[in-house]
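In what follows, every chain begins at residue 1, and chains take the letters A, B, ... in the order their sequences are listed.
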Protein chains: 2
Amino acid sequence: MDAAERRATVLKTVVEEYVRTAAPVASQTVTESRDLGVSSATVRNDMTQLEREGFLAQPHTSAGRIPTDQGYRYFVDHFTAAGGLPVGQRRAVADFFATTHRALEDLLHETSQLLANLTSHAAVVVGPDADVVRVRTAQLVLIEPGTVLAVVVLGNGTVEREVLRSDLDGDDVARASAAFDAALRDQTLAATNAAHRTGDVDVDALLAQAIGAVATRAKQVSDHLYVGGVSRLAAEQDAFTTTATTARLLEMLEEQVVVVSLVRDLLDHGVNVSIGSENDVDELRDCSIVLAPYQVEGTLAGTVGVLGPTRMDYAQALAAVAAVSQQLGRLLLPPS
Amino acid sequence: MDAAERRATVLKTVVEEYVRTAAPVASQTVTESRDLGVSSATVRNDMTQLEREGFLAQPHTSAGRIPTDQGYRYFVDHFTAAGGLPVGQRRAVADFFATTHRALEDLLHETSQLLANLTSHAAVVVGPDADVVRVRTAQLVLIEPGTVLAVVVLGNGTVEREVLRSDLDGDDVARASAAFDAALRDQTLAATNAAHRTGDVDVDALLAQAIGAVATRAKQVSDHLYVGGVSRLAAEQDAFTTTATTARLLEMLEEQVVVVSLVRDLLDHGVNVSIGSENDVDELRDCSIVLAPYQVEGTLAGTVGVLGPTRMDYAQALAAVAAVSQQLGRLLLPPS
DNA sequence: CGGTAGCACTCGAGTGTACCGACTGCTAAC
DNA sequence: GTTAGCAGTCGGTACACTCGAGTGCTACCG
């Protein structure tokens, strides 16, 4: 093992130890926890160099080292090669997806909780962007006199519905329904084809109303964020500077839209792990995000992710999001 | 003003001051903030008596007094007579309900956030119990070959839907739909009338499937809890002993079911305000809950509530839940 | 007898000091 | 390049001390 290689091992050890104990790691701790065949003095020399290079930092002169964000980055890039989940957790995931047959919203919500439990961090599940999901079928149904329900089934298995008011009779609603389907089918929710007309003023009015409702709803729904395990954030308090930081984090998660666009943005750039200061958002300076997209029928359907302190078990988090996203995608395959 | 009356005023002042400043209230502070016409020495005597009677407590010998849970209880029972909301907030509530035309779930969720913003505490909105809501209309719709959608419109305006698998053709689905409606209409979701049969084995199978799905869904939906402003809990940290307490609170809110049954339980006993140790649930020992039911068409449709530290502005919280519940009930009136 | 003035007392919070121990950085030797 | 040893640094803890807020009590007054 040459010197550079050993330094990498030292860095790896520091990250692992720090994640485990939350305390600055001393040179001696490194030599004890891993047999490098060198003394603590040598490790100290390596550490000073790692510090010069920006991978480690010292909280104060007479303390051990802690990883910098750059240090975590190196760790993630070099030492987290596709590890599997421990069998216990693997089973938990399998069981969850085997026994569940809820409505999609509930499923996604519970999935976020599953992921939170697996990782002991907060977890998020993001639906697909509105301009990606295609409409499988669209329909208008006369629910009771005066009330029409617009139902849209999406490619990812979601069923969206919207209540409309209309005094048309059954036949007219049926005609509107056909036009509604024609206008939406195979389109994305973002770009509905509004050009369809039936010629009948009243029917067209209902049609326009329905398409408008679906369009506005599409935004709301696609930007929906399922958050699980927020309580973990409070438990991780100590990792964050102040309690105000936690409050702002929770606030951001409530806002949803910031997080959703952030997640999409990261994934668009092919980023799976975003560490501390790599995040542009201020609230996330002390946080890391670990993401994995899930696919339904080969197309991107959404993203699952973990949100925790930078001091996080990245290997485990990566394994967890990978396992969950894969299973989720499989479950969402439309029954055939 | 006789002595007993003055003591009540002292108690009132202590509660108000403590809520405002979060610091133990000294006898002198009382005389300064309210013109009682007596000296601080007299107030001190009153305070010792109030302490003997269990309304006040001293954190330590040389400190001012803080209210006990019993003290808050007296305050709530005697000094919070139906105050209105300040005009600014009143407007905010009116605006919110005037401009909103979302789907019910979103509305309830946003209502909880409104309430959280009004009170600066966490807020919850609980839907009605499944054995209270009646079905207005029920229908089965053939969405695409092989897929049937069960749609149920409820008395509170909610539309529930459930995706079913079935290979029946349009006519058979229509027959099943009629039977479905007959079985559910005007029933509560908890006690659906499963006795309806059409005679056709396949149709009855679909029917049974639909009714089953609705029944199981009913439980999930009715127990749903909308939580807003959880970030406030983190901000209120200091009011709670440890950060672990906050974590457990958040956990409980995620569990939902505990909170829902708790809220229902309180309201069943006609309790609108539950203070600190009055709560049986351990996590809520340092919290108070302020509730108001909302009604749709004269029948109980759900509950809105505020969850904050015992050190809470009860008058304001009561006014806020009252205003919100009233407006919410009005908005949910089925359009006619 | 209720109310008041005055005073001694208590106790938490803040401050200065000393000490301990955990680690490092450096130097000289291997 | 590695190591042993040692001086130096700095945070954390313990302790003593002071300050001041606020009380409880007692003696006194109307």
Side-chain angles (χ1 to χ4, degrees), chain A residues 1-11 13-18 20-68 71 238-239 241, chain B residues 1-11 13-18 20-68 71 238-239 241:
Chain A
M1 165 149 53
D2 71 354
E5 197 178 336
R6 189 189 58 226
R7 270 200 301 281
T9 312
V10 169
L11 174 56
T13 311
V14 170
V15 171
E16 285 170 353
E17 276 299 305
Y18 184 63
R20 205 170 58 79
T21 64
V25 182
S27 53
Q28 205 179 347
T29 316
V30 173
T31 56
E32 278 166 8
S33 83
R34 186 179 299 265
D35 191 14
L36 290 168
V38 297
S39 78
S40 65
T42 307
V43 172
R44 276 204 289 285
N45 288 333
D46 292 342
M47 280 171 144
T48 42
Q49 179 156 357
L50 285 168
E51 183 169 359
R52 263 199 303 277
E53 292 168 354
F55 295 109
L56 294 180
Q58 242 177 332
H60 56 85
T61 319
S62 69
R65 303 300 209 290
I66 62 176
T68 60
D238 50 331
T241 352
Chain B
M1 163 148 52
D2 70 355
E5 198 177 335
R6 189 190 56 226
R7 269 199 303 281
T9 312
V10 169
L11 174 57
T13 312
V14 170
V15 171
E16 285 169 354
E17 277 299 306
Y18 183 64
R20 205 170 58 80
T21 64
V25 181
S27 53
Q28 206 179 346
T29 317
V30 174
T31 57
E32 278 166 9
S33 82
R34 186 179 299 265
D35 190 14
L36 291 168
V38 297
S39 78
S40 64
T42 308
V43 171
R44 275 204 290 283
N45 287 331
D46 292 342
M47 280 171 145
T48 41
Q49 180 156 357
L50 285 167
E51 184 170 357
R52 263 200 303 276
E53 292 168 353
F55 296 108
L56 294 179
Q58 242 177 331
H60 56 87
T61 320
S62 70
R65 302 300 209 289
I66 62 176
T68 60
D238 50 332
T241 353

Taking only nitrogen or oxygen atoms into account, show me every contact under 3.5 Å that the protein makes with nucleotides 9-13 of chain D, one pair per line with its distance.
from, atom 1, to, atom 2, distance (Å)
D:dT9, O2, A:S62, OG, 3.4
D:dC10, O2, A:S62, OG, 3.0

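- Summarising the geometry, atom CZ belonging to B:R44 is positioned 9.5 Å from atom CE belonging to B:M47; distances are rounded to the nearest 0.5 Å.
- Of all the residues in residues 26-33 of chain B, B:A26, B:S27 reach under 4.0 Å from DNA chain D with at least one non-hydrogen atom.
- Atom C1' of nucleotide C:dG6 and atom CG of B:N45 are separated by 14 Å, given to the nearest angstrom.
- Nucleotide C:dC23 holds its P atom 14 Å from the CD1 atom of A:I66, rounded to whole Å.
- Under 4.0 angstrom from either OP1 or OP2 of C:dG25 there lies at least one side-chain N or O belonging to A:Q58.
- Nucleotide D:dG22 holds its C1' atom 10 Å from the CE atom of B:M47, rounded to whole Å.
- Separating the CD atom of B:E51 from the P atom of D:dC25 is a distance of 11 Å, rounded to the nearest angstrom.
- Atoms CD1 and CG, on B:I66 and B:L56 in that order, are 9.0 Å from each other to the nearest 0.5 Å.
- B:L36 CG to B:T42 OG1: the interatomic distance, rounded to the nearest 0.5 Å, is 9.5 Å.
- Spacing between atom CZ of A:R52 and atom C1' of C:dG25 amounts to 12 Å, rounded to whole angstrom units.
- With rounding to whole Å, A:R7 atom CZ is found 12 Å from D:dG1 atom C1'.
- Place A:R65 and B:R6 on DNA chain C by their nearest nucleotides, and B:R6 ends up nearer the 5' end.
- A 6.0 Å sphere centred on CD of A:E51 holds more than 12 heavy atoms belonging to other residues, nucleotides or ligands.
- Using a 4.5 Å heavy-atom threshold, the side chains of A:T48 and A:R65 count as touching.
- Other residues, nucleotides and ligands contribute over 12 non-hydrogen atoms within 6.0 Å of the CD atom of A:Q49.
- The side chain of B:R44 places no N or O atom within less than 4.0 Å of a non-bridging phosphate oxygen (OP1 or OP2) of C:dG3.
- Between A:L36 atom CG and D:dT2 atom C1' there is a gap of 13 Å when expressed in whole angstrom units.
- B:D46 has its CG atom 7 Å from the P atom of C:dG3, to the nearest Å.
- Among D:dT23, D:dA4, C:dT4, the nucleotide with an atom closest to any side-chain atom of A:A41 is D:dA4.
- Side-chain proximity of B:T42 to D:dT23, C:dT4, D:dG24: nearest is C:dT4.
- Just one residue in the list B:V15, B:V10, B:T9 forms a side chain to side chain contact (heavy atoms under 4.5 Å, CB included) with B:T13, and that residue is B:T9.
- Using a 4.0 Å heavy-atom cutoff across all strands shown, A:S40 reaches no nucleic acid atom at all.
- Screening A:V43, A:V30, A:D46 against A:V38 for a side chain to side chain contact (heavy atoms under 4.5 Å, CB included) leaves a single residue, A:V43.
- The salt bridge (charged side-chain N to carboxylate O under 4.0 Å, His left out) test applied to B:E53 returns no partner, not counting sequence neighbours.
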